[in-house]
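Report on one structure; see the data block that follows.
We name chains A, B, ... by the order of the sequence lines, and we start the count at 1 in each one.
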Protein chains: 2
Amino acid sequence: MVSAQASSQQTGPEAGPETGPETGAKQRGRGRPRSFDRETALEKAILAFWEHGYEATSVSDLTKVMGIGAPSLYAAFGDKRSLFDEVVREYGTRYGSFGDRALAEEPTARTAVERMLREAAAEYTEPGRPHGCLVIHAATNCTTPEVEESLRDRRNANIAAIESRIRSGIAAGELPADADAAALARHTGAMIQGMSQQARDGAAKEELEALAELAMAIWPRS
Amino acid sequence: MVSAQASSQQTGPEAGPETGPETGAKQRGRGRPRSFDRETALEKAILAFWEHGYEATSVSDLTKVMGIGAPSLYAAFGDKRSLFDEVVREYGTRYGSFGDRALAEEPTARTAVERMLREAAAEYTEPGRPHGCLVIHAATNCTTPEVEESLRDRRNANIAAIESRIRSGIAAGELPADADAAALARHTGAMIQGMSQQARDGAAKEELEALAELAMAIWPRS
DNA sequence: AGATTTCTCTAGCGGTCGATACAGAAAAAA
DNA sequence: TTTTTTCTGTATCGACCGCTAGAGAAATCT
């Protein structure tokens, strides 16, 4: 947005030169191709921001884990802020989509929430990657208010999506007409946030699953 | 710990010179008395760390809100780290004691947890001060692992205290013998952490109270 | 009064922050 | 080949970080 670097957001020249010449609309540029894979570098950035958060991850940390120099980072991703924005978006599609999937695929609001909580228990304790949720923890202590707000908006939007699903469940008759959709959605959000925090604090997958099961006891008989 | 500044942790010369000469054990020292009130300066530091967290609150921020120069801060509180430690301790006694009080004063584990959740709803949305809980949010994105760990330990100790209270409730017969004390305690902790997060994200006191009431539905019939 | 002790203010230390200028290297285009 | 374009590595930039030396101010002690 800020600089004249217009190519920051594009997918890039598809890694190696082995890619066929007729893959995209705009062929790869003329000059020297970049020497690293943008996708895997982005993945490394996701893991770094996920583990340490926006401000605690320095550009120097990023260049180290991504294996590239600072100028390459700025040329490929823009400044730290826009890299983080892209990281959050990619994180959403790669790791944070289980909630939306449950809401879309499950037949009832209740089973959707139940699956969401159960999958959160697994996602948040998956070995080999940071525990908990990036959206919940990556911008908690932040001197840049806009970054803090962007993740806050995302969290509140998630709760609103749950509430919306519960409302249509009530309309469909799967839940009592006097069920409090807002409270149920907020409760689900609170459980997920609490589970994410506890995953960070060392809770095991089984403990979080017990939590998920326990939490479903508040739902009205269907 | 590091320097020879041994007087950092003491209460200080009781503010003004109007204090009677026979108040404490060790009279006030010989030299120039400090020109600010240590207690109120500490309170300002609590609010700053509470709102922005450990790393996002710079020493420059601290000297501004505390109304003193950096050398005065270091002389009175030690370095940033030890000031934060004292802030956490003071926060615990001034703002974070409602949980322990509920556990100690209520007649049953269930009413203790219920009161704890209800009071958390009020505490975390109290106007005129930062929302949510300092222990939960002040060291989330932290490049100093020891600081992060110290708050993590505090959180886990709180859950352990709840579990212990539930266990004695089971022993006293107020809860079924097969009640899962660990899961109930973890659930309470997760609810409190979720409530704190939502308070930060803009939830109102009434919404958190509804959450607290909802959460109690998981408890076994007594 | 001096002498002594302690605090406060200014100024600045070395280090790291995010971000970039510049020159050389490596590719495509001519 | 030469030219053009783009990327990469070095070497910073100014700003801020946590922290402190040193000198003067303000109290007590003798």
(request) Give a yes/no on whether any side-chain N or O of Ser35(A) is located under 4.0 angstrom from OP1 or OP2 of dC7(D). (result) no
(request) Would you mind reading off the distance between Ile68(B) atom CD1 and dG18(D) atom P, rounded to a whole angstrom? (result) 14 Å
(message) Please enumerate all residues that pass salt bridge (Lys or Arg N to Asp or Glu O under 4.0 Å) together with Arg154(A), with sequence neighbours excluded.
(response) none
(message) Could you walk me through whether Phe98(A) and Arg115(A) satisfy the side chain to side chain contact (heavy atoms under 4.5 Å, CB included) test, starting with their C-alpha distance in whole Å, then the side-chain angles of each, then the deciding distance to 0.1 Å, before giving a yes or no?
(response) CA-CA 9 Å; Phe98(A) 67 91; Arg115(A) 170 175 153 187; over 6 Å; no
(message) Between the opening five pairs and the closing five pairs of the helix from dA1(C)-dT30(D) to dA30(C)-dT1(D), how far apart are the helix axes, to 10°?
(response) 10°
(message) Holding to side chain to side chain contact (heavy atoms under 4.5 Å, CB included), I want the full list of residues that pass it with Ala181(A), two or more places apart in sequence or in another chain.
(response) Glu163(A), Ile166(A), Arg167(A), Ile170(A)
(message) I need the CZ-P distance between Arg34(B) and dC9(C), as an integer number of Å.
(response) 13 Å
(message) Without decimals, in angstroms, what is the distance between Phe77(A) CZ and dC7(D) P?
(response) 12 Å
(message) Across nucleotides 14-24 of chain C, 5' to 3', mark each nucleotide with B, S or - according to how protein heavy atoms within less than 4.0 Å reach it.
(response) ---SSBBB--B
(request) Could you check which of dT8(D), dT4(C), dT8(C) has an atom nearest any side-chain atom of Arg30(B)? (result) dT4(C)
(request) Apply side chain to side chain contact (heavy atoms under 4.5 Å, CB included) to Thr40(A) and list each qualifying residue two or more places apart in sequence or on a separate chain. (result) Asp37(A)
Just distance, no hydrogens or angles: give the donor-acceptor pairs under 3.5 Å from side chains in residues 144-152 of chain A, sequence neighbours left out.
from	atom 1	to	atom 2	distance (Å)
Thr144(A)	OG1	Glu55(A)	OE2	3.1
Ser150(A)	OG	Val147(A)	O	3.0
Arg152(A)	NH1	Arg200(B)	O	2.8

(request) Quickly work out the Met66(A) CE to dT8(D) C1' distance and round it to whole Å. (result) 15 Å
(message) Expressed as a whole number of angstroms, how long is the span from Arg38(B):CZ to dC7(C):P?
(response) 11 Å
(request) Using the side-chain hydrogen bond (donor to acceptor under 3.5 Å, both in side chains) rule, collect all pairs that involve residues 126-140 of chain B, keeping only residues at least two apart or in two chains. (result) Glu123(B)-Arg129(B), His137(B)-Ser196(B)
(request) Check the angle between the aromatic planes of Tyr95(A) and Trp50(A) and answer parallel, tilted or perpendicular using the 30° and 60° thresholds. (result) tilted
(request) Take the protein atom CG of Leu62(B) and the nucleotide atom C1' of dC17(D), then report the distance between them rounded to whole Å. (result) 12 Å
(request) Please list, chain by chain and in numerical order, all residues satisfying ring-ring contact (aromatic ring centres under 6.0 Å, His included) with Phe84(A), sequence neighbours excluded. (result) Phe49(A), Tyr54(A)
(message) My understanding is that only residues two or more places apart in sequence, or in another chain, count here; which of them pass side chain to side chain contact (heavy atoms under 4.5 Å, CB included) with Asp85(B)?
(response) Arg81(B), Arg89(B)
